[in-house]
Amino acid sequence: MRMFSLRLLDPLTTISTLLPNTNTTGFIHDVGRYFLVISSLFGFFAFDALYATVVVNYVSQSELIIYFLRSIMVKTRVKSQQLNEVIKDIFHASDILQVFNGQLSYIVSLSMFIFISDAVSSFVNLNSLRDNKFSLGYAVGICNISQWLFLVISPIIQAARLTKECQKLRLLGLEVSARPFTYKDTPQETLDSFLQYTTSTKYGAKLAGVVIHSKYPAVLLFGLGLFFTFYPFSHIPWL
């Protein structure tokens, strides 16, 4: 994939380490240049694995937080614990979200800018191909673009899902107040304080310091759909 991004599949692109050396011949020169190529491939693999690990870590942690918020809401609806304990769990969730929206969120945001630049570079290189039939270069280019777009969209979708659960948690106090028979033995002051506490929460998942709402992935996918619908692909021979 990285070979396509760096135009290494273009026959007009040359690598100086792969060119024949007129000054040095023999086994040592061949081993040296192949070692450089293999080292470069391993370096590309290490960077891509690191970027993928960051995204997987973000998605996994957001899924765990979603599960924790859902468990709080379920325990509240079935009254498996008192409201004072629920408030402590919500406060604990706010601490988790604060850490989640900290360093990890900014690292993922910076990685997404890298993914977008790689996707644009791969798309430009894909348009530069002029093969008359579908070849390996087109297949690698399409897979490369799909890879980077997937790494961009996945954190946005997870952040939007987490923000949606936070909004449901904010309405939990109203839901408890609308079900008086579930907490009929609970003092009214406790119900009022729980209602005020939940409605005052403004939790959400952030990327680049911006809270990601559920409409953002829809707008992004809609924009990509419009782009690929109206983009002139007629210059590609095999389409």
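- Contact record, L207 with A159: CD1-CB, 4.2 Å, taken as the closest heavy-atom pair.
- The two residues L69 and A93 come nearest to each other via the heavy atoms CD2-CB, 3.7 Å.
- Linking ILVMFWY residues whenever their side-chain heavy atoms come closer than 4.5 Å, directly or via other members, places F68 and V86 in the same cluster.
- Annotation: Y106, atom OH; neighbour count of heavy atoms from other residues, nucleotides and ligands within 6.0 Å does not exceed 12.
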Working for side chain to side chain contact (heavy atoms under 4.5 Å, CB included), residues Y203 and I90: CA-CA 10 Å; Y203 304 148; I90 296 176; 3.9 Å; yes
Evaluation steps, side chain to side chain contact (heavy atoms under 4.5 Å, CB included), between L195 and V176: CA-CA 8 Å; L195 175 61; V176 170; over 6 Å; no
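- Nearest heavy atom pair, residue I156 against residue I212, reads O-CG2, 3.7 Å.
- We find the CG-CG distance between D89 and N84 to be 11.5 Å, quoted to the nearest 0.5 Å.
- Test R161, Q158, E165 against S62 for side-chain hydrogen bond (donor to acceptor under 3.5 Å, both in side chains) and you get one pass: Q158.
- If you take OG on S60 and CD1 on I65, they are separated by 11.0 Å, rounding to the nearest 0.5 Å.
- Across every non-hydrogen atom of A160 and S214, the tightest pair is CB-CA, 3.8 Å.
- Taking all atoms of both residues into account, the shortest heavy-atom contact from Q61 to F100 is CB-CE1, 3.9 Å.
- For the pair S94 (side chain) and F91 (backbone), a donor-acceptor distance under 3.5 Å is present.
- A donor-acceptor pair is defined here as one N or O able to donate and one able to accept, closer than 3.5 Å; such a pair exists between the side chain of S109 and the backbone of S105.
- Between the NZ atom in K206 and the CG atom in L104 there is a gap of 14.5 Å [rounded to 0.5 Å].
- V54 is not listed as a side-chain neighbour of N57, based on a closest heavy-atom distance of 4.5 Å or more.
- With rounding to the nearest 0.5 Å, the separation of CD1 in I72 from CD in Q81 is 8.0 Å.
- P155 and V108 get closest at one heavy-atom pair: CB-CG1, 3.9 Å.
- Taking a 6.0 Å sphere around NZ of K75, one finds it holds more than 12 heavy atoms contributed by other residues, nucleotides or ligands.
- Residues I107 and V211 do not share a hydrophobic cluster, clusters being chains of Ile/Leu/Val/Met/Phe/Trp/Tyr side chains in contact below 4.5 Å.
- In terms of hydrophobic clustering, with Ile, Leu, Val, Met, Phe, Trp and Tyr side chains grouped at heavy-atom distances under 4.5 Å, W148 and I116 are assigned to a common cluster.
- Under a cut-off of 6.0 angstrom, the local environment of NZ in K79 is crowded, with over 12 non-hydrogen atoms contributed by other residues, nucleotides or ligands.
- Using a distance-only test at 3.5 Å, with no hydrogens or angles considered, a donor-acceptor pair links the side chain of R170 to the main chain of T199.
- Using a 4.5 Å heavy-atom cutoff, the side chains of L172 and F194 are in contact.
- Rounding to the nearest 0.5 angstrom, the gap separating the OG1 atom in T76 from the CD1 atom in I87 is 9.5 Å.
- V56 and L162 fall into different hydrophobic clusters, where Ile, Leu, Val, Met, Phe, Trp and Tyr side chains are chained together by heavy-atom contacts under 4.5 Å.
- Atoms CG and CZ, on L110 and F113 in that order, are 7.5 Å from each other to the nearest 0.5 Å.
- Taking the six-membered ring where tryptophan is involved, the planes of F115 and Y51 are perpendicular, since the angle between them exceeds 60° and thus also 30°.
- A donor-acceptor pair is defined here as one N or O able to donate and one able to accept, closer than 3.5 Å; no such pair exists between the side chain of S154 and the backbone of L151.
- Panel note: side chain S117, backbone I114; a donor-acceptor pair is recorded below 3.5 Å.
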